[in-house]
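Computed from a predicted model, the values in this text were never measured in an experiment.
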Amino acid sequence: MTRYPGPRAPRRTASPVLLFLAALLALLPALSVLTAPGARAADGDPAVSLSKKEAGKGGEITVSGSGWRAEALLMLLICGQATPERGVVGGTNSCANADGRAVTTDKKGAFSKKLPVTEPPKPCPCVVHVATVTGEQALADAVFTVAGHPAADLPEQTGDGKLAVLATTRLEGDSSLLTWFGAPPARRLVFTVGNLGSAPVKDPVFEIGTAHGVYAPQWEERQWRGTVAPGAKAQIKLPVELSAGAHGDYQVSLRYGQKVLAEQPWGVGRPWGVTLFWVLLCLVVPAAVFRIGMAVVDKVRPRPAGSHRTRTPATRRRPKRHGRTGTGADRDATTAPGATKEATANAATTTDATTDATTAVLPWFTPDSAPSENRPRPTTKGQA
């Protein structure tokens, strides 16, 4: 049996109204993000504004900012020899670091802080330099004039030279024995740069930053003596040094201008020599204190009754003699008319003991060396 196809059912097409509503619902999340307060400030670049563009030393200005990371710690400084276009030419050495202020942004990334006006170590043009202390690096500068502070032109740029790292960086060097006892660890950061610009770069100034954990890098300037011609490359070695007793995982960063060129991890071992020193100190000091205490106790403790200190032979006293053969009591005991044999024997024994004691205290006299009547007298030459 053959089936003949019947008329097809008409397809339903969506109305334009429904399509418009679906598109509007899809765009609502994006519109809510764009119109939300503070969204533009969070996505835009950090900005800084000043209550005064010029003030003298001893005055005070209010620094306000927006577009920063929420709850970020910032540092406010007045720096000389700087412009917003070129930044701080001399680095933080051109800033009044002692009179800086720190501030924390709110949840919207804004802040407002009063800053005392001081003269920077470098001449103007000056800026108020704001930079993050922890976390991701961000900075902004606002033009400011310190009244009465000398002004000078900025150093000439080396040209349109542009340096870039061409090879992987590495750290060279080994730790010495002193590092094992807490000396500052030191290495050399080795990297190869190339000049991608059209002008030579002479004596470039790099910045080496060392960061530990979640803290922001601490930057130090390192100048390399030499010239990198356009299209040429050069190998550069810069010293890197940590603080005494440093250990753990560190991050070494290389920055040229305002751009970070490379980062290199550095694992520093623990100075076990310091630990060994403290362990030995904890063992030796208590032992020495114990010995000193025992010596003091031995000196001050009371002596038991009947104990006598031993005297040296030189300080012994000779017993007193009461006659040739013994004491008077002994003579009386031997010469008494009614003395018995036992009393006479005891007296004789006492007399012999006294004589022996007298002889013992004379070290230069021995019985063998005593003169004797039985010994023949020596003869001399000439006697018959």
Counting only N and O atoms by type, is there a donor-acceptor contact under 3.5 Å from the side chain of [X] to the main-chain atoms of [Y]?
X	Y	value
Trp224	Lys202	no
His149	Lys122	yes
Arg187	Gly173	yes
His129	Val88	no
Ser51	Thr62	yes
Thr105	Arg69	yes
Thr83	Arg86	yes
Asn195	Val228	yes

Using a 4.5 Å cut-off on heavy atoms from C-beta on, say whether the side chain of [Y] contacts that of [X].
X	Y	answer
Asn97	Leu77	yes
Thr179	Pro271	no
Val63	Phe111	yes
Arg255	Trp219	yes

Is any side-chain N of the basic residue among Glu172 and Arg170 closer than 4.0 Å to the acidic one's carboxylate O?
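Salt bridge flag = yes for Arg170 with Glu172.
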As an exercise, state the distance from [atom1] of [X] to [atom2] of [Y], rounded to the nearest 0.5 Å.
X	Y	atom1	atom2	result
Leu154	Glu85	CG	CD	9.5 Å
Thr169	Leu261	OG1	CG	10.0 Å
Phe144	Glu54	CZ	CD	7.5 Å

Check SG atoms, Cys79 and Cys95, less than 2.5 Å apart
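With an SG-SG separation under 2.5 Å, Cys79 and Cys95 do form a disulfide.
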